[in-house]
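Counting starts at 1 for both ligands and their atoms, following the listed order. Along the sequence shown, the residues carry numbers beginning at 1.
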Amino acid sequence: MSGKLDSLLTYLDGLNGRPMLDHLAARLQQVQLSREDYAEWVHFNEQHYQRNLVRAGKWYHLWVMCWRNGQRSPIHDHKGSACAVRVLEGVATVTHFARAGNGHIKALGSEDLGPGSLATSSDDDLHQISNLQPGQADLITLHIYTPPLLRMGTYSIFDSGRGEDVWVESRKFVTNFPENSETPLGLLHGWVTPNRLFFVRNHFPIPPGDRHSWKLEVGGLVERPLTLTWDDLCQLPQRSVFATVECAGNGRSFLRERQPGVQWGAGAIGHAEWTGVPLATVLEQAGVKPDVVELLFEGSDRGTETDHPEPMHFVRSLPLAKALDRDTLLVTRMNGELLTPEHGAPVRLFVPGWYGVASVKWLRRIEAINTAYHGYYQSKKYTIQRRVDGQIKTVILGPMAVKAELVRPEENASLGVGTNRLFGVAWAGEEAVGRVEVSADGGETWSNADLLTAPAKYCWSLWEYLWEVASPGEYTLLVRAVSASGKRQPDEHDPLNGGYMIHHVRPRRVFVAANQRATATSADLASLLWDMNAYAEENMRQPLDIEMEFIGGGGI
Ligand SMILES: Nc1nc2c(c(=O)[nH]1)N[C@H]1C(S)=C(S)[C@@H](COP(=O)(O)O)O[C@H]1N2
Ligand SMILES: [Mo]
């Protein structure tokens with residue numbers, strides 16, 4: 001990361017609310033930038049202007065945008081967000097719009113901003129940025145949005161309507177330092193979660209290190225202690241497993257009684273293809289001694305907790321049987337791409353079917369032991385209670401519980417009379433999903449949803465339900481999953497689970513309006529299948545090229 005952008009990022013990361021627009025502008029004006037400072041985010045697209053995310057924080061997004069000659073943004077506003085733009089190279093034409101008497105959009109005027117100039121806009125300022133320079137000159141601009149821009153309204157000069165909302169894709173930050181961010185479920189449409197949208201759970205800052213310097217030590221009760229390099233690991237046979245990962249605290253913010261920890265909404269889940277070397281292969285090389293009962297995994301990240309002031313590494317153990325399962329992997333790739341730093345690069349453990357906490361990122365050491373491990377992240381945190389023979393016992397979390405999530409419609413959505421499509425995901429830990437049931441009458445009657453993807457071990461299934469509704473009013477939607485072996489989601493959160501394993505059925509309120517007709521149809525299966533096959537390509541695309549194809553026609 002460049003030194004000069006660093007000071008701006010430090011300021012932005014320090015925000016704990018929406019800053020005054022003129023403060024923001026002053027900060028952006030102060031930085032002196034040359035091409036090398038932002039070169040890594042300069043990517044053009046021949047079809048539409050290209051947005052390149054520099055960093056997403058809790059209170060801001062910073063983007064470098066690249067415009068070929070003639071490219072324009074839609075006419076748009078940024079409801080709920082303020083924006084400061086600095087021209088880095090070339091001349092930007094900013095055109096301002098307003099509502100005319102008949103409700104249509106009219107242009108108020110344009111200004112040309114040369115290199116170094118600054119423009120700001122807030123909330124409902126209607127505007128458009130274009131590259132209209134003579135010749136073939138390119139334009140590069142730097143944009144700060146605060147709070148992060150998640151949706152922009154678009155407009156056309158040909159009618160009075162509001163165009164489609166354009167969604168800006170990025171993870172939803174819950175905390176900045178370290179990053180804890182959710183998958184934006186509203187953007188899910190396919191089976192695989194793109195890496196850039198996949199939730200992140202970090203206890204400590206991301207540790208330094210790359211695959212060239214990476215080493216994995218395998219020691220403890222083994223016949224032949226080993227040190228593996230990246231090249232050693234890549235020589236071993238690899239395999240891939242598709243699997244859903246959920247953080248054990250996912251949904252914590254919905255609990256009636258507040259529980260300590262990251263206050264997750266519903267988005268600490270994702271589904272990906274995980275590729276790597278079976279852990280068993282490496283353990284065979286090392287030769288696990290007969291009395292070994294657990295394997296210990298240490299990440300290179302390190303830090304303190306409020307109730308643990310001594311610095312510690314992130315350490316977890318696995319029982320021998322799960323460690324030797326051929327699906328437990330030393331992962332180097334996620335959805336076909338090399339792991340990114342936030343997901344544990346260069347190598348992480350991956351334990352399919354288990355809560356995410358088992359899958360130790362930034363793996364640097366494995367130790368074979370002959371006792372049950374007790375450590376901070378295994379005995380003090382990430383445990384639940386169970387009643388055994390009248391006694392309360394502490395239990396270490398393992399496999400994920402069965403759970404369905406309703407992705408669309410959102411809470412308080414306004415729907416129409418007719419056919420509405422409910423869409424979501426469901427998973428069942430080490431099992432496959434058996435079925436998903438939907439109730440629109442608060443649990444009186446239940447119907448089976450359609451599974452759009454064949455149920456498979458470890459994998460979430462996409463599901464949909466075409467809900468016929470005859471009369472307007474307020475409705476409570478309930479969704480619950482049943483695993484292949486018949487395990488069902490509970491109606492209420494088990495207090496013995498504390499702030500973990502939150503998988504009870506969560507009601508969602510929606511409104512059906514009398515003056516709205518709904519004519520939903522079922523998913524286009526061909527496009528879903530395409531999505532499954534094309535995930536790798538999708539992830540190989542330039543970072544964050546969101547679709548803005550309807551740019552044409554917006555100009556004056
Ligand atoms: N080294 C290390 N590994 C870790 C963690 C961590 O903080 N440090 N967090 C764990 C938790 S609680 C979860 S839910 C998953 C999240 O993986 P992701 O960030 O790739 O989504 O990583 C796990 N592995
Ligand atoms: Mo987690």
Side-chain angles (χ1 to χ4, degrees), residues 171-175 177-184 192-209 214 216 243-252 259-265 267-274 276 296-305 308 311-318 328-335 337-366 375-378 380-384 396-401 427 429 497-503:
R171 295 187 291 266
K172 271 165 68 180
F173 273 61
V174 183
T175 68
F177 284 120
E179 172 177 349
N180 284 293
S181 58
E182 297 186 18
T183 303
V192 164
T193 311
N195 295 355
R196 62 178 183 271
L197 301 182
F198 201 101
F199 84 95
V200 170
R201 171 65 178 115
N202 291 340
H203 293 80
F204 305 131
I206 294 175
W214 181 78
L216 176 65
T244 300
V245 187
E246 181 184 24
C247 180
N250 188 36
R252 187 175 286 143
Q259 296 287 339
V262 177
Q263 294 302 303
W264 296 109
I269 45 167
H271 183 82
E273 182 193 39
W274 307 89
L296 210 59
F297 303 88
E298 184 181 282
S300 58
D301 52 332
R302 184 167 189 272
T304 60
E305 298 271 358
H308 196 292
M312 60 185 153
H313 283 275
F314 186 85
V315 179
R316 294 270 311 180
S317 79
L318 275 186
T328 298
L329 303 176
L330 300 174
V331 158
T332 54
R333 288 178 181 269
M334 184 174 172
N335 291 330
E337 266 196 337
L338 288 175
L339 280 182
T340 51
E342 63 273 23
H343 292 297
V347 180
R348 80 181 295 174
L349 179 66
F350 186 71
V351 186
W354 284 37
Y355 282 110
V357 68
S359 296
V360 175
K361 302 194 275 189
W362 312 293
L363 187 64
R364 67 165 203 180
R365 189 176 150 72
I366 301 177
Y376 186 88
Y377 292 108
Q378 188 151 311
K380 194 144 188 173
K381 296 284 161 69
Y382 295 98
T383 60
I384 56 175
I396 296 165
L397 285 173
M400 297 180 290
W427 61 98
N497 292 1
Y500 300 108
M501 204 188 246
I502 300 147
H503 70 129

### Least distance between heavy atoms, W427 atom then T244 atom
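Closest approach of W427 to T244: CG-CG2, 3.9 Å.
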### Query
How far apart are the closest heavy atoms of H313 and E298, and which atoms are they?
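Where H313 meets E298 most closely, the heavy atoms are CB-CG, 3.8 Å.
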### Task
Please find out if less than 6.0 Å separates the ring center of F314 from that of F204.
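Between F314 and F204, the centre distance exceeds or equals 6.0 Å.
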### Residues E305 and K380 bridged, charged N to O under 4.0 Å
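Result for this pair is no, no salt bridge flagged.
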Output block, N or O contacts of ligand 1, threshold 3.5 Å exclusive:
unit_1, atom_1, unit_2, atom_2, d
ligand 1, 1 (N), D301, OD1, 2.8
ligand 1, 1 (N), D301, OD2, 3.2
ligand 1, 1 (N), K361, O, 3.0
ligand 1, 3 (N), K361, N, 2.8
ligand 1, 7 (O), H203, N, 2.9
ligand 1, 7 (O), H203, ND1, 2.7
ligand 1, 8 (N), D301, OD2, 2.7
ligand 1, 9 (N), R201, O, 3.2
ligand 1, 17 (O), R348, NH2, 3.1
ligand 1, 19 (O), R201, N, 2.9
ligand 1, 19 (O), K361, NZ, 2.5
ligand 1, 20 (O), H343, ND1, 2.7
ligand 1, 20 (O), R348, NH1, 2.8
ligand 1, 21 (O), F199, O, 2.6
ligand 1, 22 (O), R348, NH2, 3.4
ligand 1, 24 (N), S359, O, 3.0

### Message
Please check if the number of heavy atoms outside K381 that lie under 6.0 Å from its NZ is greater than 12.
### Response
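Above 12, so yes.
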### Query
Residues in side-chain hydrogen bond (donor to acceptor under 3.5 Å, both in side chains) with R333, at least two apart?
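With sequence neighbours excluded, R333 shows a side-chain hydrogen bond (donor to acceptor under 3.5 Å, both in side chains) to no residue whatsoever.
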